[in-house]
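Lettering follows sequence order; numbering is per chain, from 1.
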Amino acid sequence: VSEGNGTIYAQTNLYPRGETSYAVVLVDMDEGFRLMSRIMDVEADAVSIGARVKLSVRKGENGDACPFFVLAAK
Amino acid sequence: MSKFELNRAAVAIVGAAESDLGLVTPGLTPVDLMAQASVRALADAGIKLEEVDGIFASGVQTRMASIALAEYLKLKPRYHNASFSGGSVFETMVGDAVAAIQAGLCSVALIAYGSTQRSASMASDGPARLVGIRTYDPFTTPYGGRLPLSAYALAASRHMHEYGTTRRHLAEVAVAARQWALLNPVAWEKETLTIEQALAARIVSSPFSARDCCLVTDGGGAVVLVSAERAKSLRRPPVYVLGVGDGVSHFEIHSMPDLTVTAAVESGRSAYAMAKLSAAEVDVVELYDAFSINTILFLEDLGFCEKGEGGAFVSDGNIAPGGGLPVNTNGGGLSYGHPGLYGLQLLIEAVRQVRGDCGKRQVADCDVAIAHGNGGTLSSQSTVILGSAATV
């Protein structure tokens, strides 16, 4: 079972016109596996490779619960 | 049972041709373009259509491509292959064709592709977009990346993080491709591109701007392969298949073990071993540049420079016309055209360079060419090394 803590391994920022930017990332979890996700609640430019992140389960566009992430508290 | 091995220079490419390119006549289908290129490639080879007994075809838009092409051309192949492994499938098919010819499964192998990607994307409602083959995937779709684009952007971000590669390095790749394209009459792009213009373009999925991304064009092509023995009596100089190799590292980008190292390491190693050649002996390099980072990754993984040094290697016009190593001499997917899958166009340019057919963009004393295909999201890698009669 994962504790939900990880580190950003790779990052790409998207800047859709008229919408808030966001960072799509690959997260290396502390338990040793990697997954794709998105950093929530901040604009893309606030995110960087190496940043610590925390799991935040939220609903995706189709209503399914998905493993999103937020930046970990410093 | 004895081990079956592919032999260096046992088979040659004896015909190569493009279909119409860019934005084709409305109403043409992918199979029309496949067939058009096939007829042109056979004319180039001086081989009659009815002699074709091996058909290898693939496509995003074409179901059962080898069978569709056989019907269209009224052929009854003894051997056929319609596999789909992304844009590298046509390099993989060169190896398959060599095996089939050596084993006697066919004697005249036709590899063909066609796409109306640009026409189809313009015809759809809303903004122009790729004809998609992706469906909802719980491991990627919810996060809003633009795939496959964002997958390559993630790889670029990691390369920049680990090795100090910059957006300027990526821009060097795009500018070199454009300079080659301006020497190719059939390339899509006709305007000059500067480093500053490339850097100023709008970011679509960082670190990529539109200038880091391949074109969306119509197009297609075909190549014809026969035994080396038969090749000697045909109208054009044979371009021998010296080496082939394949590698697969993952399917989706989240499962790529190291985003800075591709399976081109393995595909290249196999191809060089079969060809008994090293990177230093390659005269011209055709790499699947769906995105600018690809060129840097494949130059490293195929041994043209050390890992992490690709950015420096492409700087100061080193891969542009007049540079130290000619790379993507047709203008590449970035500036020549990218008809959905680009792998067959790599083979055509490599053949033409070895034959000396390339006019203003011809590489001097070109005897060895490498055509390196990429499929999926850096997932599948396939390397083909071609050589002139002087290499045999």
Can you tell which part of B/Y136 gets under 4.5 Å to a heavy atom of chain A, answering side chain, backbone, both or neither? side chain
With a sphere of 6.0 Å drawn around CG of B/D316, does it hold more than 12 non-hydrogen atoms of other residues, nucleotides or ligands? no
Should the heavy atoms of other residues, nucleotides or ligands under 6.0 Å from CZ of A/F33 be counted, would the total exceed 12? yes
Please report the shortest heavy-atom distance between B/G144 and A/L14, naming the atom on each side. O-CD2, 4.0 Å
Would a 4.5 Å heavy-atom cut-off, applied to side chains only, mark B/T141 and A/M36 as touching? no
Quick one: does B/Y143's side chain get under 4.5 Å of A/P67's, heavy atoms only? yes
Taking every heavy atom of B/I203 against every heavy atom of A/N13, the minimum-distance pair comes out as CG2-O, 4.4 Å
Using heavy atoms and a sub-4.5 Å threshold, report which of residues 149-159 of chain B line up against chain A, by residue number. B/S150, B/A153, B/L154, B/S157, B/R158
If I measure from the heavy atoms of chain B, does A/D64 come under 4.5 Å with its side chain, its backbone, both, or neither? side chain
A/R17 portion near chain B, given a 4.5 angstrom heavy-atom threshold: both
Inspect the surroundings of CD in B/E162 and state if more than 12 heavy atoms from other residues, nucleotides or ligands are less than 6.0 Å away. yes
Taking side chain as everything from C-beta outward and backbone as N, CA, C, O, which of these in B/R146 sits under 4.5 Å from a heavy atom of chain A? Side chain, backbone, both or neither. both
Chain B-proximal positions within residues 21-28 of chain A [heavy-atom distance under 4.5 Å]: A/Y22, A/V24, A/V25, A/L26
With rounding to the nearest 0.5 Å, note down the distance linking OG in B/S255 to CZ in A/R34. 9.0 Å
With sequence neighbours left out, write down each residue that passes side-chain contact (heavy atoms from CB on, under 4.5 Å) with B/R168, or none if nothing qualifies. B/T166, B/I195, B/E196, B/L199
Go through the steps to decide whether A/Y15 and B/S205 satisfy the test side chain to side chain contact (heavy atoms under 4.5 Å, CB included), and finish with yes or no. CA-CA 7 Å; A/Y15 303 90; B/S205 184; over 6 Å; no
Reported CE-to-OH distance for the pair B/M256 and A/Y9, which is rounded to 0.5 angstrom: 7.5 Å
Applying a criterion of heavy atom separation less than 4.5 Å, what residues of residues 45-52 of chain A form contacts with chain B? A/I49
Counting heavy-atom pairs under 4.5 Å with chain B, which one of A/S37, A/C66, A/G60, A/P16 comes out on top? A/S37
Atom CZ of residue position B/F84 - does it have more than 12 heavy atoms of other residues, nucleotides or ligands inside 6.0 Å? yes
Should we count NZ of A/K59 as having more than 12 external heavy atoms under 6.0 Å? no
Please classify the contact between B/D258 and chain A as side chain, backbone, both or neither, with a heavy-atom cut-off of under 4.5 Å. both
